[in-house]
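Just below is one structure, and these are the notes that go with it.
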Amino acid sequence: MRLTHQPPYVGRFAPSPTGPLHFGSLITALASYCEAKSQQGLWHVRIEDTDIPRIYPGSEAHILQCLDAFEFEIDGNILFQKERLDIYEDVLHQLKQQHAIYACQCTRKMLGSNAIYAGTCRSLNLDFAHQAIRVKVDDQPIYFDDALQGTHCSVLTQDLGDFVLKRRDGIINYQLAVVVDDYLQGITHVVRGADLLDNTQRQIWLGQVLGYPKLNYMHLPLAMNANGQKLSKQNMAQALDPKQAPLLLQQANKALHQHPLELDTPARMLKQAIQQWDHSRIPHQMTLTDQVYL
Ligand code: GLU
């Protein structure tokens, strides 16, 4: 159930337990936290764990341990998407009634390297059981004005085609879960890494099909490793050490080009970070080029 009276700012941090949290995740957590709390908003945490085969053992525990060690004040309960599969199925049912989705039997091999889905199964009226589910897109341009990355526009029929909401193996896709939960949690502002920028039009489209209100977006520049690659779970970015929380907070705050933080307890440092927070200081770039991470 969605609350009817929403506070003006509701933000969130939504890590996937596909690897331990790293310095890039901390930048996202800190920025989304300070944006929300400096505007007297709420900050929710959601664990995006629908993609069971990609879950990395121990990473969920590491996320919770870090949230605790960094002393973030989380509003409400932490939400776990794997406990909400019925909700996503209900939304798929709603979309089916709207004739907005269809079953697709195309295999990865059949699709080959085509980045744009040609709509092969759109008119086949296949049974939904054991097939991938795709949502239909149309050719209206989808715009959004990102607080850091400027205006973006995409025509989904040209750039992507109908996209998958549920995989053939039954896994609910990130695009569906994120849109439904942002709506049900009353999220108003999404602050996340710029690596997710090109998911945004899909999410706006899906939200529009479902009649959800449009969100505000801020995509943060990504921290890079010494080889110029973005820090990610895939390239084995170093896991955050909860025992180093004060130092890591100081570094993440510096990466976001904020006024310096004095070393103290994490709770007091976060308080100072909120008081000093000025999002106009964050570089309007896709990557952080200065070597500010540990
Ligand atoms: N779960 C996604 C990740 O860990 C982030 C989703 C989002 O912020 O929209 O990359």
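FYI, side chains are in, hydrogens and waters are out, and symmetry mates aren't considered; it's all heavy atoms of this structure. First listed ligand is number 1; within each ligand, the first listed atom is number 1. One-based numbering along the sequence shown.
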| Expected output: side-chain Q203 to main-chain V179 donor-acceptor under 3.5 Å |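 Flag not set: sc Q203 to bb V179 has no pair under 3.5 Å.
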
| query | Judged by atom type as modelled, is there a donor-acceptor pair below 3.5 Å linking the side chain of Q39 to the main-chain atoms of K37? | reply |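 Not a single qualifying donor-acceptor pair exists.
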
Check each atom of ligand 1 against the heavy atoms of [X] and keep those under 4.0 Å away; list them by number with element.
{"X": "Y174", "value": "6 (C), 7 (C), 9 (O)"}
{"X": "V178", "value": "9 (O)"}
{"X": "S16", "value": "1 (N), 2 (C), 3 (C), 4 (O)"}

Quick test: of every protein heavy atom, which one is nearest to [atom], and how far off is it to 0.1 Å?
{"atom": "atom 6 (C) of ligand 1", "answer": "E48 OE1, 3.1 Å"}
{"atom": "atom 5 (C) of ligand 1", "answer": "A14 O, 3.3 Å"}
{"atom": "atom 10 (O) of ligand 1", "answer": "L196 CD1, 4.0 Å"}

| Residues in side-chain contact (heavy atoms from CB on, under 4.5 Å) contact with P20, at least two apart in sequence or another chain |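 If we apply the side-chain contact (heavy atoms from CB on, under 4.5 Å) test to P20, skipping adjacent residues, the hits are Y56, H62, A239.
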
| Structural part of N199 in contact with ligand 1, heavy atom criterion under 4.0 angstrom |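 None of N199 does.
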
Could you verify whether a donor N or O on one side chain and an acceptor N or O on the other, from [X] and [Y], lie under 3.5 Å apart?
{"X": "H279", "Y": "E35", "answer": "yes"}
{"X": "D278", "Y": "Q258", "answer": "no"}
{"X": "D145", "Y": "Y217", "answer": "no"}

| query | Is it true that R46 and D182 have a side-chain N and a carboxylate O under 4.0 angstrom from each other? | reply | yes

| said: Looking at non-hydrogen atoms alone, which of Q175, R192, H219 comes nearest to atom 9 (O) of ligand 1? | reply: R192

| query | At a 4.0 Å cut-off, with the gap strictly under it, does some heavy atom of R12 reach an atom of ligand 1? | reply |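 So R12 counts as touching ligand 1.
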
